[in-house]
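Residue numbering restarts at 1 for every chain, and letters A, B, ... go by the order of the sequence lines.
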2 protein chains.
Amino acid sequence: MFKSVTLKEVAAKAGVSYQTVSKVINNKAKVSPETEKRIWDAIAELNYTPNYSGRSLRQQRSKTIGYTWEPSPPDQANPILDAFLQNMFRAAEEKGYYLLCFPFHADDARMLKVYAQLYDTGRVDGFVISRMNYGEPTVPYLLGRRIPFVGFGRLQDDDTSFPYVDVDGGAGIAQAMEHLVALGHRKIAALAWPSDSRVGNNRLEGYYRGLSKAGILHRPSLVVRGEGTSDVGFEATNYLLGLPEEIRPTAIVCMNDMMAIGAMQAIRQAGLQVGRDIGVTGFDDTPTARYLTPPLTSISQPISEIGENLTKRLIEFLETGIFPEPRCELVAPRLEVRESTSSYLPAGK
Amino acid sequence: MFKSVTLKEVAAKAGVSYQTVSKVINNKAKVSPETEKRIWDAIAELNYTPNYSGRSLRQQRSKTIGYTWEPSPPDQANPILDAFLQNMFRAAEEKGYYLLCFPFHADDARMLKVYAQLYDTGRVDGFVISRMNYGEPTVPYLLGRRIPFVGFGRLQDDDTSFPYVDVDGGAGIAQAMEHLVALGHRKIAALAWPSDSRVGNNRLEGYYRGLSKAGILHRPSLVVRGEGTSDVGFEATNYLLGLPEEIRPTAIVCMNDMMAIGAMQAIRQAGLQVGRDIGVTGFDDTPTARYLTPPLTSISQPISEIGENLTKRLIEFLETGIFPEPRCELVAPRLEVRESTSSYLPAGK
DNA sequence: ACTCGTTAAGCGAACGTTCGCCCTTGCCTA
DNA sequence: TAGGCAAGGGCGAACGTTCGCTTAACGAGT
């Protein structure tokens, strides 16, 4: 910070007191039109910009929102990060807010300390948090300290203890199931996540819902659980392909695209053709999905709207003290149908 | 901001003046060990955290770095964003700095206004900029206003007018060329970017260097230019495959992974096998690359080191007023060899 | 002619720091 | 014994705002 025009200089030029200039800027002023014009002219001429620290010291608010997220492993891009961030700070800027990004720490205690630090020093007015595991300590901590925040995701299906926006993963998978059933599939397997994943369970629930809606009875051997990686997808699919023919699945619903990628590899290696012989669906609609061979049917989340929505709600709260209704919102994802399912030839043999 | 413990409260508890507390915290103090202990105890007991606005108002610095970037199109993930950001704010935090992210605007004038605003209000002390097109107005603007910044990338090959770190794209492509030549390729094509792309030209230069090093003479028809999309890659490859056999390429070097993906599709559609019949290389080593069929040989950039490096250099400047040498740094990318080249069978017929 | 209300603008204070200078005390040295 | 110096700590001021209260001037109503 080299130069810096202050209120006083503007005031001197306009021939008024500096407090009056302040009033004009925040239009809380009863000022004659002529003086007001003089002041605005002086502001323009000197190219005055209100000092952020001064302002925020006086107002006791930083007009800044904090956000951190868990870094994705090097072999896996975060498919939503860019859009999510962009939409958050775009929405924030409209209200004069900005987004402060800070490091993620795997150690919970350390992470909480960072949250506390950022808030207690007054660097941020509130947070957006997107990490929602079962034992996640951040939510109760912020809640307990009455630190404002909104969540991308929830901790329990029927959670109402804090404001959030979440994707209805179950509804997404249910859509995929409906699609598969319509194509004629009856033996549908699921590649699921470990049962300690809330998001995973939520999505899997859509699988069960899809089965019962189609009147298909559930076979436990058709649900395989594991980490959401392509390796797990690969192994699990090999297992499924080795099942006796009468229960061997003709379609595999995966809880994310990575598993679907692994599944596709396994199917191909078994000499079968993805899509035509066995349908595969993913979840996330990673940009990669459409470039796979064949292009992968997947479920895409309305990230942009969520980012904007969350930000606006948080700011609304910061300014007024009340969260706009509904406090908790569930948005539906959309099924993107591609060749990995659409090219199915039932009873191919 | 609800509660807020101040210096004065700490001072009252420790029985000293509040300025003394400040001195102890910034350890500029000549204080007896006992008083110092009393002060630290009081700080711990009250859980005091220095107020950010007060501090930054007094010191006239925000300890904040600004960063914006061009959003990537929805069908394309930004492969480096996550790692780049993470490493930037991790490095920043170590020095007590944070990263402020703000919206990108395609309109240059508007974008510059945002830069100016952020700096003039004192919200940030400096910037990291990563958008480096030929006509890029940001660099000269910041330079002219003497606003501190570092660049990820440069505007000209021999640029020294501002501090930056850049990837030596030419060296990367040259590595790929060497690899292909070693496999026995002699007819090597390049899918290049429009000639108004500095980054593209820099990379392409590595292609020419590779050719001449191997003593292969350059055929203009083997260099096809276009946007770095898979569609362009697809079309361009179809054209290449239609060339008369004596000049038809046995390997295609692409300036990014997207083009390589398109190239692979075209090759496959032509009934040829990627890797065995025609080698393909990409650039960026997107996480996708290893999951393609076959896995794509690509060039990976050391993003983490760059993010950390840039941040440290900028902060160093902000604190001392001098940029650490060397002001401009070029880092070499690394070739990741995968099946899209390694399975080549020369003279397959 | 006196009060009253309105309009236009000024003034002091406060937000929480840090900075530089000054004061006091005690001790050492010439 | 006067002078000096170092250690330990206090004090006023300033950074740039905004907030709430006061003041001055003026016209209208009784």
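- Looking at heavy-atom distances under 4.0 Å, A:Y18 makes contact with a base.
- B:K28 comes within contact range of the sugar-phosphate backbone alone, with a heavy-atom separation under 4.0 Å but no base atom that close.
- Taking the ring-ring contact (aromatic ring centres under 6.0 Å, His included) definition, one finds that B:F317 meets it with B:F323, sequence neighbours left out.
- Donor-acceptor pairing under 3.5 Å is recorded for the side chains of B:R123 and A:T64.
- Taking a cutoff of 4.0 Å between a charged side-chain nitrogen and a carboxylate oxygen, B:D120 and B:R145 qualify as a salt bridge.
- A salt bridge does not link A:D41 with A:K13: every distance from a Lys NZ or Arg NE/NH1/NH2 to an Asp or Glu carboxylate oxygen is 4.0 Å or more.
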Short heteroatom pairs, N/O only, protein and nucleotides 22-25 of chain C, under 3.5 Å:
none

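- Ring-centre distance between A:F149 and A:Y115: not below the 6.0 Å cut-off.
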Given the rule in the salt bridge (charged side-chain N to carboxylate O under 4.0 Å, His left out) test, do B:E316 and B:K95 qualify, once you have shown the distances and angles that lead to the verdict?
CA-CA 9 Å; B:E316 174 84 15; B:K95 307 280 186 179; 5.6 Å; no

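- Rounded to whole angstrom, the span from the CG atom of B:N26 across to the C1' atom of C:dC19 amounts to 10 Å.
- A salt bridge does not link B:R90 to B:E308: none of the charged side-chain nitrogens sits closer than 4.0 Å to a carboxylate oxygen.
- Interatomic distance, A:K113 NZ to A:L118 CG, rounded to the nearest 0.5 Å: 14.5 Å.
- Ring centroid separation for the pair A:W69 and B:F89 comes in under the 6.0 Å cut-off.
- B:T138 pairs with exactly one of B:I147, B:N133, B:L155, B:L112 by the side chain to side chain contact (heavy atoms under 4.5 Å, CB included) rule, that one being B:L112.
- The span of DNA chain D lying next to chain B, judged by atoms under 4.0 Å from heavy atoms, is bounded 5' to 3' by D:dG8 to D:dG16.
- Using a 4.0 Å cut-off on heavy atoms, none of the residues of residues 32-45 of chain B approach DNA chain C.
- When the side-chain contact (heavy atoms from CB on, under 4.5 Å) test is applied to B:T35, the partners found at least two apart in sequence or on another chain are B:V16, B:V31, B:S32, B:R38.
- Contacts between residues 6-14 of chain A and DNA chain D, counted as heavy-atom distances below 4.0 Å, involve A:T6, A:L7.
- Using a 4.0 Å cut-off between a side-chain N of Lys or Arg and a carboxylate O of Asp or Glu, A:R61 and A:E319 qualify as a salt bridge.
- A:F104 has its ring centre no less than 6.0 Å from the ring centre of A:Y67.
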